[in-house]
Amino acid sequence: LTRAPSMSDDEAPKKKEWVPFSKRPEWSDVVPTPQDDGPNPVCPIAYSDQFRETMDYFRTILKTNELSPRALDLVTEAIKLNSANYTAWYFRRKVLAALFEKDPATYNYRKELGYVDGMCRGSPKNYQLWYHRRLVVEQLNDPSEEIPFTAEMLEEDAKNYHAWAHRQWVVETYKLWDGELPFVDHLLREDMRNNSAWNQRFFVISKTTGYASKEVMAREIECAFSYIRKAPNNESPWAYLRGLFVSGVKFSEYPQVKDTCLEFSGKYVACPHVVSLLVDIYEQEGTPESKENAAALCVKLATTMDVIRQKYWRYREKNLH
Amino acid sequence: STWCSLKAHMGDEFERAKHLRFLKQCLKVLPGPYASQESNRMTLAYFVVSSFDVLGEIDQISASDRAQYIDWIYAQQVHPDPSSPNPTALCGFRGTPFLGDAFNPNHSPDIQPASPEYNKSNIAMTYTALALLRILGDDFARINRPAVLSGLRGLQQPDGSYAPVAGGAECDMRFLFCACAISDMLGDWSGIDKEAATTFIVNSQSYDGGIAQGPLQEAHGGSTYCAVAALYLMGSLSSVKRMDDLVRWCVHRQVTGFQGRINKAVDTCYSFWIGAALQMLGYHSLCDYNAIRSYSLSCQHPAIGGISKWPDTFPDVLHTYFSLSGLSFCNEPGILPLDPALGITMRAAGDWANARPPKQYDVSTL
């Protein structure tokens with residue numbers, strides 16, 4: 001049989017010896033419900049006994065709609081085995097709602113946040129888990145742990161898409177803008193190739209000061225160039241720099257862009273990004289001479305500097321505006 | 001060690017026979033670790049069955065197996081619940097019979113759902129169920145179209161995006177794509193507010209030209225595919241504000257194979273996500289698809305077949321499928337042409353898909 005150990009970042013409870021439900025006295029009143037996969041299912045899965053039995057018991061409490069403490073234990077085990085199961089998460093929230101009412105000292109959103117913390121660390125890329133965390137935070141109406149928590153998750157994996165999406169939601173919902181640009185700066189100092197951090201930079205500024213003012217534009221242009229000087233072949237600051245001009249601002253309004261690119265084209269002679277941006281700048285200038293310059297640079301990119309994209313650069317050469 | 005492995009199974013030969021063996025085994029049974037994806041079993045089946053089709057080998061699945069697989073798929077259809085205030089809210093297809101329902105492919109009224117409240121469809125399972133049915137040659141006769149479309153309508157959010165299930169879940173570009181693919185395959189767009197959907201997509205184009213899961217998030221190959229395919233199916237590709245930037249972003253994802261984001265590692269599945277996006281936009285010819293092909297082939301497993309995301313790792317059905325699909329855009333011999341928008345072969349998509357292949361940029365003049 002083929003194994004695919006890289007598939008799952010769910011951990012089956014391995015540390016303690018798993019006790020079958022059929023051997024647990026507290027479950028003796030429950031009749032398990034087997035799955036009916038029909039006579040010839042497509043791609044059946046070779047379930048472990050643990051998986052099969054846990055789900056057999058889970059099916060029963062879903063049928064009876066039992067919203068009890070032991071149901072919470074069972075759905076916790078079911079989630080561990082199949083953490084993408086929307087039904088399990090939905091049922092969990094129903095059980096929690098019932099238990100919060102019955103016994104708020106033992107069951108509350110604060111405790112649930114602790115559970116989610118542990119699960120997130122084990123399964124940092126689980127969509128349902130992050131969504132569940134969002135709901136818990138909303139119910140608590142308390143984002144105070146979210147900034148340090150996402151920072152910690154990003155320490156583990158600085159490009160975790162879920163962590164970034166959650167962080168954007170927290171920052172925007174609770175207006176926690178103040179610390180965000182310093183956080184981006186910190187991440188860029190750690191890894192200037194972290195494109196997620198560059199994206200966050202764009203997000204923060206777009207939603208706070210915006211890019212309309214000359215001061216902000218000049219500052220951000222210089223920020224991009226400062227990182228480019230450290231590693232000219234890093235695509236992220238180039239994408240960011242170009243991104244400053246997509247709203248309709250012209251390169252000619254900020255002559256330092258062309259000047260610096262021309263300077264770089266002498267210094268970083270093998271860097272395709274410099275030449276690529278010069279193509280855009282010349283194309284935008286729109287004179288016959290600038291168009292010739294742009295075309296010549298496209299040829300240079302196609303033939304020597306960015307050969308894997310030669311067909312793209314030939315296409316650009318033929319289609320300059 | 002990676003270099004030695006690459007030499008040992010040089011990425012020049014497409015190991016067709018080994019992949020077929022791998023796929024046949026997966027069709028019979030998936031190993032235990034896949035249980036963590038039990039709830040998504042419909043998508044796993046789609047990866048495996050569509051792989052057979054992409055290899056031109058759908059006939060390796062016998063007629064009787066095909067009929068029984070079709071039954072299994074229909075047994076996952078969620079039918080209207082007359083006891084509910086909104087009877088079609090949960091309609092569509094499930095991923096798995098994990099709730100314990102009795103096998104009921106023909107919707108016999110004598111069989112009641114095990115747990116009606118929890119018997120929810122999932123939009124990605126509905127999409128892959130329809131795709132599977134089409135691949136296996138079913139005529140959709142047992143689909144309750146009004147119910148599916150009504151359920152679909154209920155999943156669209158005010159901002160135009162889609163949730164995958166009723167009752168609360170994350171909403172992002174993936175499910176908007178699923179909604180469009182479902183509508184296209186059913187030939188009925190009453191489940192989608194196209195304008196709202198298009199607005200969501202347009203708002204999700206990043207400063208760098210790629211498209212993210214939602215507004216102001218990071219551009220990503222998966223969400224870019226979903227967005228482009230959705231617009232393509234809706235007939236509104238021209239709504240993209242910065243098409244040049246989108247094409248540029250896609251083309252710049254090529255390192256050897258494709259990466260999914262700027263400065264991330266290459267991964268074979270992007271040969272489909274980015275490759276198909278470029279195909280729909282009309283510019284796949286601008287890539288170096290020999291390099292894409294080489295990378296994908298270097299990720300074939302020399303012993304067991306299948307294709308992984310990187311060289312020297314175990315293959316999984318998702319990366320196998322998307323690598324094979326990605327090879328379709330590289331004109332690999334023995335791989336059937338793919339409908340990039342639906343993610344199934346042109347053969348499976350049928351006549352109307354053949355009527356809308358994208359206009360490709362003519363590279364003969366370059």
Side-chain angles (χ1 to χ4, degrees), chain A residues 1-8 10 33-48 51 55 59 62-63 65 81-87 90-91 127 130-131 159 161 164-165 168 193-196 199 202-203 206 234-236 239-240 243 246 308-309 311-312 314-315 318, chain B residues 22 25-27 29-41 44-45 48-49 65 68-69 71-72 75 97-103 114-115 118 120 122 165 167 169-170 206-208 213 216-218 242 245 251 254 261-264 285-286 288 291 304 306 313-314 316 361 363 366:
Chain A
L1 285 180
T2 62
R3 269 195 55 80
S6 58
M7 275 309 312
S8 158
D10 294 300
T33 306
Q35 178 171 274
D36 183 355
D37 229 353
N40 188 4
V42 49
C43 298
I45 296 171
Y47 306 128
S48 64
F51 186 92
M55 294 310 177
R59 285 183 255 281
L62 285 172
K63 268 199 306 203
N65 216 12
L81 294 170
N82 178 196
S83 62
N85 189 320
Y86 286 94
T87 309
Y90 177 76
F91 180 74
Y127 285 96
W130 282 99
Y131 175 74
K159 303 181 185 184
Y161 205 94
W164 281 112
Q168 282 197 353
R193 292 174 181 81
N194 183 344
N195 196 65
S196 311
N199 184 75
F202 191 86
F203 162 74
S206 298
N234 175 6
E235 192 178 347
S236 291
Y240 182 78
V246 302
I308 198 165
R309 268 170 280 280
K311 290 189 202 150
Y312 172 74
R314 291 290 184 188
Y315 159 79
K318 295 268 160 84
Chain B
F22 172 81
Q25 184 56 52
C26 291
L27 198 60
V29 64
L30 288 170
Y34 278 95
S36 64
Q37 297 179 72
E38 165 65 23
S39 48
N40 295 340
R41 190 143 47 107
L44 302 177
V48 174
V49 171
D65 276 345
Q68 291 188 300
Y69 294 164
D71 275 352
W72 185 89
F98 111 96
L99 280 177
D101 292 62
F103 189 68
S115 309
Y118 301 110
K120 298 185 186 185
N122 177 308
V165 298
E170 75 282 9
S206 162
Y207 62 85
D208 64 11
Q213 288 281 33
L216 288 174
Q217 292 186 55
E218 190 184 3
R242 292 150 41 221
D245 289 351
V251 168
Q254 179 160 27
R261 296 183 254 170
I262 294 177
N263 283 332
K264 292 261 320 188
S285 53
L286 298 184
D288 178 344
I304 60 179
T313 41
F314 276 108
D316 60 87
Y361 187 77
V363 294
L366 296 180

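In this text, all values refer to a predicted model and were calculated from it rather than measured experimentally. Side chains are part of it too, since the values below use all heavy atoms of this structure and drop only hydrogens, waters and symmetry mates. So that the names make sense, note that chain A is the first sequence line, chain B the second, and so on, each numbered from 1.
Both the backbone and the side chain of A/Pro41 come within less than 4.5 Å of a heavy atom in chain B. In this structure, chain A has a heavy atom under 4.5 Å from the side chain of B/Val48, while its backbone stays farther away. Both the backbone and the side chain of B/Ala114 come within contact range of chain A, with heavy atoms under 4.5 Å apart. Residue contact with chain B, scored on non-hydrogen atoms closer than 4.5 Å, involves the backbone and the side chain of A/Glu235 alike. There is no contact between A/Ser48 and chain B, counting heavy-atom distances below 4.5 Å.
Per-residue heavy-atom pair counts under 4.5 Å with chain A were compared for B/Leu99, B/Asn122, B/Leu30, and the maximum is reached by B/Leu30. By number of non-hydrogen pairs under 4.5 angstrom with chain B, the leading residue of A/Tyr47, A/Trp130, A/Tyr86, A/Phe51 is A/Tyr86. Among A/Asp37, A/Thr33, A/Asn234, A/Asn194, the residue with the largest count of heavy-atom pairs under 4.5 Å with chain B is A/Asp37. Of the listed residues B/Asp71, B/Asp101, B/Val49, the one with more heavy-atom pairs under 4.5 angstrom with chain A than any other is B/Asp101. Each of B/Asn40, B/Asn263, B/Val165 has some count of heavy-atom pairs under 4.5 Å with chain A, and the biggest count is that of B/Asn263. Counting heavy-atom pairs closer than 4.5 Å to chain A, the top-ranked of the candidates B/Gly32, B/Gly100, B/Pro97 is B/Pro97. With chain A as the partner, the residue from B/Lys120, B/Glu38, B/Gln68 showing the most heavy-atom pairs under 4.5 Å is B/Glu38.
Side chains of B/Leu27 and B/Tyr69 form a contact here, defined as non-hydrogen atoms less than 4.5 Å apart.
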Verdict with reasoning, B/Asp245 to A/Val246, per side-chain contact (heavy atoms from CB on, under 4.5 Å): CA-CA 9 Å; B/Asp245 289 351; A/Val246 302; 3.9 Å; yes

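Side-chain N or O atoms of A/Asn82 include one that pairs as donor or acceptor with a backbone N or O of B/Ser39 at under 3.5 Å.
Annotation: salt bridge (charged side-chain N to carboxylate O under 4.0 Å, His left out) contacts of B/Asp288 (sequence neighbours excluded): none.
Looking at B/Tyr118 and A/Asn65, their side chains do bring a donor and an acceptor atom within 3.5 Å of each other. Judged by distance alone, the side chains of A/Asn40 and B/Asp65 do bring a donor and an acceptor atom under 3.5 Å apart. Inspection of the B/Ser285 and A/Lys311 side chains reveals no N or O donor paired with an N or O acceptor under 3.5 Å.
Considering OH of B/Tyr34 and SG of B/Cys26, their distance stands at 5.5 Å, rounded to 0.5 Å.
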